[in-house]
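Residue numbers start from 1 in every chain, and the chains themselves are labelled A, B, ... in the order their sequence lines are given, proteins ahead of strands.
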Amino acid sequence: MGLLQRAIEAIGIPTIGITLKKEVTKKVKPPRALYLHYPFGHPLGEAFAVKQQRTILLEALGALETVKEPGTILEPSYRWRRHRFE
Amino acid sequence: MRRLKELGNALMVGLYRHLPWLAERWARHHRFVETEGIPWAPLKKPLREAVIALVTTAGVHMETQPPFDMDDPGGDPSFRVIPSDVKEEEVVITHKYYDHSAADKDLNVVLPLYRLKEFEAEGMIGGIAPFVYSFMGHIDGPHVATLVEKTAPEVARRLKRDGAEAVFLTPA
């Protein structure tokens, strides 16, 4: 997914991607990434967990405004099935 | 022989689905394309004015579209174009390499179209680009070149044409 992200950024469109595989992301180096230690198939969290999905999406989109350093990997502490999303 | 290979493949898929650490181990030891430099395009306007596009590699496609090729061990570098006003019941997932049972129940788990529509209605983003571009990921071997040289740049050009001002990507 990182290669695809890099191609989109290279044409001049800013990008942010969720990653569940930090080691891969470190190698492929997309411009901005948000890492979650979640199982595959759950980049936005759990089914029908609207607050969780909104929080993750907003955090990721916010990175488009706040991240200034290419290659930044954000790591919010939203622990799988532990974090309470308000 | 072919049957044996298919059986082996099915077994591996089952293992990957039920033992996530196996996939992590694969990722650690697999040789990924190492890249030079990092492309960079700053956001040109505030998020609340920007048109956002969604791109995913979770194997999502419309029921009416051909599914991704799951028989090729190198994956499928092609993509599907999904209108952003698609109804959830028109969408399916073809992907053997991850457990998509949660996403089958609620598409937002891998493709947060409804969450994005809420953000648009609440004025948190400027708008949603007309199309979602969907891949299946898990691309290996010669298909990596097809992705890098052909399908990824093609999607980038399409996104530009669609008026996308920022892109949010989700993996499987």
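- Hydrophobic clustering, with ILVMFWY side chains joined whenever heavy atoms are under 4.5 angstrom apart, groups A:F85 together with A:I18.
- With contacts defined as side-chain heavy-atom distances shorter than 4.5 Å, the pair B:F135/A:M1 does not qualify.
- In plain terms, the two heavy atoms of A:A7 and B:P153 that are nearest each other are CB-N, 4.3 Å.
- In this structure, B:R115 CZ and A:T55 OG1 are separated by 11.0 Å, a value rounded to the nearest 0.5 Å.
- Looking only at heavy-atom pairs under 4.5 Å with chain B, the residue among A:A10, A:G62, A:G12, A:A63 that has the most is A:G12.
- Only the side chain of B:E122 has a heavy atom closer than 4.5 Å to any heavy atom of chain A.
- Linking ILVMFWY residues whenever their side-chain heavy atoms come closer than 4.5 Å, directly or via other members, leaves B:V86 and B:V92 in distinct clusters.
- If you measure heavy-atom distances from A:K68 to chain B, the contacts under 4.5 Å come from the backbone alone.
- Heavy atoms closer than 4.5 Å to chain A are found in the side chain of B:V55, but not in its backbone.
- In the hydrophobic clustering of ILVMFWY residues, with side-chain heavy atoms under 4.5 Å counting as a link, B:L111 and A:L58 come out together.
- In this structure, the side chains of B:N108 and A:L44 stay at 4.5 Å or more apart for every pair of heavy atoms.
- Scanning both residues, A:A60 and B:F168, for their nearest heavy atoms gives CB-CE1, 3.4 Å.
- The two residues B:K105 and A:F48 make their nearest non-hydrogen contact at O-CZ, 3.3 Å.
- Between A:P43 and B:T170, the shortest heavy-atom contact is CG-CB, 4.2 Å.
- For B:I125, the part lying near chain A is the side chain, with the backbone staying farther off; criterion is any non-hydrogen pair under 4.5 Å.
- Using a 4.5 Å cut-off between heavy atoms, A:E46 touches chain B through its backbone atoms (N, CA, C, O) alone.
- Remark: B:L54 CG to A:L57 CG distance equals 7.5 Å, nearest 0.5 Å.
- When heavy atoms are compared at a cutoff of 4.5 Å, B:L107 does not approach chain A at all.
- Summarising the local packing, NZ of A:K51 is surrounded by 12 or fewer heavy atoms from other residues, nucleotides or ligands at distances under 6.0 Å.
- At a threshold of 4.5 Å between non-hydrogen side-chain atoms, the residues A:L4 and B:Y133 do not count as touching.
- For the pair B:P171 and A:L20, the tightest heavy-atom approach, listed with the atom from each and the gap, is CG-CG, 4.3 Å.
- Using a distance-only test at 3.5 Å, with no hydrogens or angles considered, a donor-acceptor pair links the side chain of A:E65 to the main chain of B:L47.
- With a 6.0 Å radius and a threshold of 12 heavy atoms from other residues, nucleotides or ligands, B:E63 has its CD atom at or below the threshold.
- Distance check: B:R157 CZ to A:I13 CD1 gives 11.5 Å after rounding to the nearest 0.5 Å.
- Between B:L169 and A:I8 the shortest side-chain heavy-atom distance falls below 4.5 Å.
- For chain B, no part of A:L34 is nearby; none of its heavy atoms comes within less than 4.5 Å.
- Looking at B:W40 and A:R32, their side chains come closer than 4.5 Å, going by heavy atoms from C-beta outward.
- Of the atoms belonging to B:V110, heavy atoms from both backbone and side chain fall under 4.5 Å from chain A.
- Highest contact tally toward chain A, considering only B:A102, B:P112, B:G137, is held by B:P112 [criterion: heavy-atom pairs under 4.5 Å].
- Shown here for A:L3 and B:L147, the closest heavy-atom pair between the two residues is CB-CD2, 4.3 Å.
- Side-chain heavy atoms closer than 4.5 Å link hydrophobic residues (I, L, V, M, F, W, Y) into clusters, and following such links, even through other members, never connects A:I73 to A:V28.
- Between chain A and the residues B:A152, B:A53, B:A166, the largest count of heavy-atom pairs under 4.5 Å involves B:A166.
- The same ILVMFWY cluster, assembled from side-chain heavy atoms under 4.5 Å apart, contains both B:V155 and B:V81.
- Side-chain contact between A:R54 and B:M124 is present, with heavy atoms from C-beta onward closer than 4.5 Å.
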